[in-house]
Amino acid sequence: MTFIIFVAIILILIFVMIYRKNTGESVYKYVVKSTTNLYNQYAPFSFKVVRDKVKDLGQEYTPRQYTIQVAIFAAGAAIISYLYFYNLVISIVYVACAIMVIPYLTYLRCKRLYSEFIFEQIQVYTTNTIMEFATTQSFVKALEGVYESGVLEDPVKSDVKMMIDLAYENGTINQSLDYMNSKYDFYIVKNMHQLFLQITNEGSRDSGTSLENMSLDIDMLVENVYRDRMDRAAFHKKFLQFGIILYLMVMMIQILLGIETYIAMLDVWWVVLLLHGIIILNTYFLLNGEKYYNENVGAE
C-alpha cells in the first residue's frame, strides 16, 4: 500500500510540474506534442516512411492507446520489480526501463504491418499482371493496365510506373525487371519476371499454361502465408502468457520460503544480483520473441 501511495505522489508531482510549465495548453496535448517532436527529431527516415504508411492504413495506435500501453507497462514493471526486491528506488528504475522499451516495440510492430502490406501489394501486382498479360500479350501493356486500374498503392504503384518508364526508355524489359527484382526480394516476383522475360525474348507456345500454373503457385503461397499468420498470432499470445508467468515465479519462491525469509535473503548481494539476472534474462527472452514474431512474417 505504501508503494502505491508513493507512486501516486510521484505521478501527481510530475503532473503539477508540467502543468505549471505549460498553462496555455492541456497537459495531455503537451505530452503528445513533445513525444511527437522527439520522435520526428531522432527516428530514422526509413522508419518514418514505414510509420506514415501504417498511419495511412489506419493501423497506427491512437494517443489514448499509447497512454494505456504506457500505463500497463509501468504498472506491470512496478508490481513485478517490487515483488522481487521490495525496494521503491529499484521499482522506479524498472518502470522507467519498461517505458523506454515501448518505442522499440512500436518499431517492430510497424515493420511487421508494413511487411504484410507490401506482401499483399506484391500478390496483387503479380496476380493482376498475369491477368492483364493474358489479354494484351505484352508485358509493358500489362503493367500499364495494372497501374491504371488503381488496385496498387505506393510504394509498389510508383515502382510499377518506374518499370514502365524504364521499358520505354531502354526499349527492353530487362532493366525494368532488374529494378523490380532488386526492390522486392520475393521469389514469386522473380519467377514471374523470368517467365515474362522468356516469353518476350524467346516466345512460348504454351505461355497460357505457364501463366496459369504461376497463378496457382501465387494462390497457394498466399494461402500458406495467411495460415501461417493465424498460427503465429495464436502462438504469440501463448508466448506472452508464458513470459509473464516466468516473471511471477518469484511469488512461488516466496510462498515456499516465506515472505520474511525471502526479504532477509535480499540483504545478500549475490541474491539481489541473481534476481536482477532473472528479470533481465526473462526480458531478453520476451523481446527476442517479439523481434522474431514481427520481423519474420512468413512471406516467403
Side-chain angles (χ1 to χ4, degrees), residues 43-57 107-134 136-204 207 210-211 213-226 228-229 291-292 294-300:
F45 173 77
S46 58
F47 180 51
K48 293 178 183 179
V49 173
V50 170
R51 193 168 188 179
D52 287 342
K53 175 54 69 175
V54 172
K55 289 180 180 179
D56 292 341
L57 295 174
Y107 165 76
L108 292 178
R109 176 179 176 272
C110 288
K111 282 190 65 176
R112 174 176 58 83
L113 293 174
Y114 186 77
S115 297
E116 292 174 352
F117 163 75
I118 290 296
F119 176 75
E120 291 170 0
Q121 285 289 291
I122 288 300
Q123 181 258 325
V124 171
Y125 161 71
T126 52
T127 301
N128 284 270
T129 302
I130 291 174
M131 293 172 59
E132 289 286 342
F133 186 86
T136 62
Q137 294 299 309
S138 167
F139 181 63
V140 179
K141 293 297 182 184
L143 291 179
E144 290 178 336
V146 174
Y147 177 78
E148 294 171 358
S149 65
V151 296
L152 295 177
E153 298 182 31
D154 285 332
V156 178
K157 183 177 181 180
S158 298
D159 290 327
V160 170
K161 182 62 167 63
M162 177 63 71
M163 291 179 71
I164 297 171
D165 294 340
L166 287 173
Y168 281 118
E169 179 181 341
N170 297 287
T172 65
I173 65 173
N174 298 63
Q175 290 81 1
S176 300
L177 301 185
D178 291 340
Y179 171 80
M180 200 66 169
N181 289 342
S182 64
K183 290 293 292 287
Y184 303 100
D185 188 20
F186 297 91
Y187 80 82
I188 56 173
V189 174
K190 294 181 178 179
N191 287 358
M192 186 191 75
H193 289 168
Q194 183 62 36
L195 179 59
F196 280 128
L197 185 63
Q198 181 180 351
I199 294 172
T200 302
N201 294 341
E202 303 174 9
S204 177
S207 61
S210 299
L211 292 173
N213 291 335
M214 178 67 68
S215 295
L216 293 175
D217 289 342
I218 295 172
D219 292 339
M220 185 178 300
L221 173 64
V222 172
E223 181 181 351
N224 291 335
V225 167
Y226 282 106
D228 177 72
R229 287 183 189 175
K291 183 175 184 294
Y292 178 83
N294 287 285
E295 289 189 345
N296 298 274
V297 296
E300 288 287 5

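Using a 30° and 60° split on the angle between ring planes, Phe139 and His193 fall in the perpendicular class, above 60°. Under the 30°/60° scheme for interplanar angles, the aromatic rings of Phe186 and Phe119 are found to be tilted.
Side chains of Pro155 and Tyr114 form a contact here, defined as non-hydrogen atoms less than 4.5 Å apart. Here the side chains of Asn181 and Val189 are in contact, with some heavy-atom distance below 4.5 Å. Side-chain atoms of Leu143 and Tyr125, non-hydrogen and from C-beta on, do get closer than 4.5 Å to each other. Side-chain atoms of Asp159 and Met180, non-hydrogen and from C-beta on, do get closer than 4.5 Å to each other. Taking 4.5 Å as the limit, every side-chain heavy atom of Leu177 sits out of range of all side-chain heavy atoms of Gln194. Residues Leu216 and Met220 are not in side-chain contact: their nearest non-hydrogen atoms beyond the backbone lie 4.5 Å or more apart. Side-chain contact between Lys183 and Val156: absent, with no pair of heavy atoms (C-beta onward) separated by less than 4.5 Å.
Remark: Ala142 engages Thr129, Glu132, Phe133, Thr136 in a side-chain contact (heavy atoms from CB on, under 4.5 Å) (not counting sequence neighbours). Shown here are the side-chain contact (heavy atoms from CB on, under 4.5 Å) partners of Tyr226, two or more places apart in sequence or in another chain: Glu120, Val222, Arg229. Partners of Val124 under the side-chain contact (heavy atoms from CB on, under 4.5 Å) rule, at least two apart in sequence or in another chain, are Asn128, Val151, Leu152. Partners of Tyr147 according to the ring pair (Phe, Tyr, Trp, His ring centres under 6.0 Å) rule, which considers only residues two or more places apart in sequence or in another chain, do not exist here. Remark: Thr172 engages Asn170, Asn174, Gln175 in a side-chain contact (heavy atoms from CB on, under 4.5 Å) (not counting sequence neighbours).
Sorted by first and then second residue, the ring-ring contact (aromatic ring centres under 6.0 Å, His included) pairs involving residues 157-184 (not counting sequence neighbours) form an empty list.
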Go through the steps to decide whether Val140 and Ile173 satisfy the test side chain to side chain contact (heavy atoms under 4.5 Å, CB included), and finish with yes or no. CA-CA 8 Å; Val140 179; Ile173 65 173; 4.0 Å; yes
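In this structure a side-chain-to-backbone donor-acceptor pair under 3.5 Å is missing from Ser176 to Leu166.
Residues Gln123 and Thr126 share a closest heavy-atom pair of O-OG1, 3.1 Å. In terms of heavy atoms, Asn294 sits closest to Arg109 at OD1-CA, 3.7 Å. When all heavy atoms are compared, the tightest approach of Cys110 to Val54 is O-CG2, 3.8 Å.
Electrostatic pairing of Lys53 and Asp154 does not count as a salt bridge here, judged by no charged N lying under 4.0 Å from a carboxylate O.
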